[in-house]
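Scroll down for the structure; my scribbles are underneath it.
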Number of protein chains: 2
Amino acid sequence: MSDDATAFVPGHITGFFSAHPDDDPAVAGSRGAGLTLSHGVTVTVEPAAESVVMLDGEPVEMPPVVDVLSTLGVTATVSAESELPLGAGFGVSGAMALGTAFATNAVCSCGRTENELVTIAHEAEVRAGTGLGDVVAQARGGMPIRIDPGAPGHGRMDGIPARPTVEYIAFGGLSTADILAGDTTTLTAAGEAALETLLVEPTLDRFVAESRRFARDAGLLTERVESAVEAVRDAGGDASMAMLGETVFALGTGLTDAGFDPKRCRVHSAGATMHSE
Amino acid sequence: MSDDATAFVPGHITGFFSAHPDDDPAVAGSRGAGLTLSHGVTVTVEPAAESVVMLDGEPVEMPPVVDVLSTLGVTATVSAESELPLGAGFGVSGAMALGTAFATNAVCSCGRTENELVTIAHEAEVRAGTGLGDVVAQARGGMPIRIDPGAPGHGRMDGIPARPTVEYIAFGGLSTADILAGDTTTLTAAGEAALETLLVEPTLDRFVAESRRFARDAGLLTERVESAVEAVRDAGGDASMAMLGETVFALGTGLTDAGFDPKRCRVHSAGATMHSE
């Protein structure tokens, strides 16, 4: 057995969602749709006397990661390297929780299946209030449609069969925990309507259009995001906002065509993955 | 809209399985476990006045592919290039059916979700008698455990969280249709026992050991496969037989260490995927 193990977890941008809290964190979750990114988080776990969580070389408070280690009964140094900013709607905390579950299982021979590890990470995110749907999406890859809320065995998933290029600009963060702790009635109604429409026409164009409509109807658009989305539309493309961050995303070269200097990656075809053995 | 679309579908080796026929082809399927391969089949679909199916440049009879086109209401030239031999337990017919579904959906804007396309291909394979579990495994990627039989929405899946190197040698073919049409009582009892054991200990070693036990108990081992498996075990590794073909597979360098000259690839992390747009 080697001394450490490493997992890669794709980033995840939620385009729209509805919140479905529940006392059972495996049942709690969100419905909605999004895209997983070839930019993501690499998580290395090495058993240690005391647990420490590092992100890009700095110690961080990351309750879902600590929760995952505790569920698996392990103390370890968790070192994450992220291509994506934290707190800007890319699912970095979900990626860290899920990557920790996969890598810990490998290095400590915990003997769990993939669904069991996804469930452990999903429950940790729900308990921490840092996310409702990122973990199950990041475990699947592609462009996940979350038909039902919850962990594997509760939530059915589907997907849009396409793998486009994605451009994004992160202007800044929004607190997922604050928004999820507030009144989500309007947001959830807008998310349910968007999902219904997408399932009738599960295409790229419809996904971005419904995401944009959701961001507006849920009252989540910031001025900077709204202005960037309008610029992309004026240039003949379409764009929307990552839930939940002050981040704008477009497919293809939408942001470049509008004169921005975005980051660029692809929709990722695989979910969370152990580095090859 | 471009004139054609291309999908890649990983190969799939089933290690063990139980057969679960049903009058509804979406419900019919198999339980069991296997590994998807980075070697696979690339399928290009171009609409045409009459349907033609080509494999590696030669016209072939491939009823599941014709069935998929018919369900989607399209006539087309389907051109498949396979890194894997047909009829030797690599799921090439399933890959062709699934790749045809994905590529046809893209080029003809059929507007189906991934689960809908997987269901169409699964039903086509079941109706043709050419496979019971390859399509859902190939849609998922990784090392799929088929907990329930059937298409998405019927069959739950899980996975072994590992991505090892795979070596294989194909000695020749076996007829899946002949074996599935015969008495599958013994085979199914052995497959159910193997699945139960794997779910208690979902590891690579257990997967190969249970596959080997299944091949023996189900009476499917041929002399050539049995002798290769024994040689790998004598060299300190482990190996088993691909269901259903006269093919032996091992993880890591098992076959090389035993003096064979195998093909080598990896477990594939992604399922069937459209080429990037």
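None of these values were measured; they are calculated from a predicted model.
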Top contributor to chain A contacts, counting heavy-atom pairs under 4.5 Å, from B:G142, B:G252, B:S269, B:A7: B:S269
Chain A contacts, top residue of B:R112, B:E116, B:E201 (heavy-atom pairs, under 4.5 Å): B:R112
Side-chain donor/acceptor of B:N115 to backbone N/O of A:M157, under 3.5 Å: yes
B:F207 and B:F16 aromatic ring geometry - parallel, tilted or perpendicular at 30°/60° bounds: tilted
Value rounded to 0.5 Å, distance of NE2 in A:H20 from CZ in A:R31: 5.5 Å
Euclidean distance, B:D238 CG relative to B:L251 CG, rounded to 0.5 Å: 8.5 Å
Side chains of A:D4 and A:T44, donor plus acceptor under 3.5 Å: no
Spacing of CZ belonging to B:F90 relative to CZ belonging to B:F249, to within rounding of 0.5 Å: 10.0 Å
Portion of B:R206 that has a non-hydrogen atom of chain A nearer than 4.5 angstrom: neither
Which atoms of B:N105 approach chain A - backbone, side chain, both or neither, heavy atom under 4.5 Å: side chain
A:I160 versus chain B, the contacting section by heavy-atom distance below 4.5 Å: backbone
Options A:G271, A:A270, A:A272, ranked by heavy-atom pairs under 4.5 Å with chain B, top entry: A:A270
Top contributor to chain B interface from A:R156, A:R140, A:H268 [non-hydrogen pairs under 4.5 Å]: A:R140
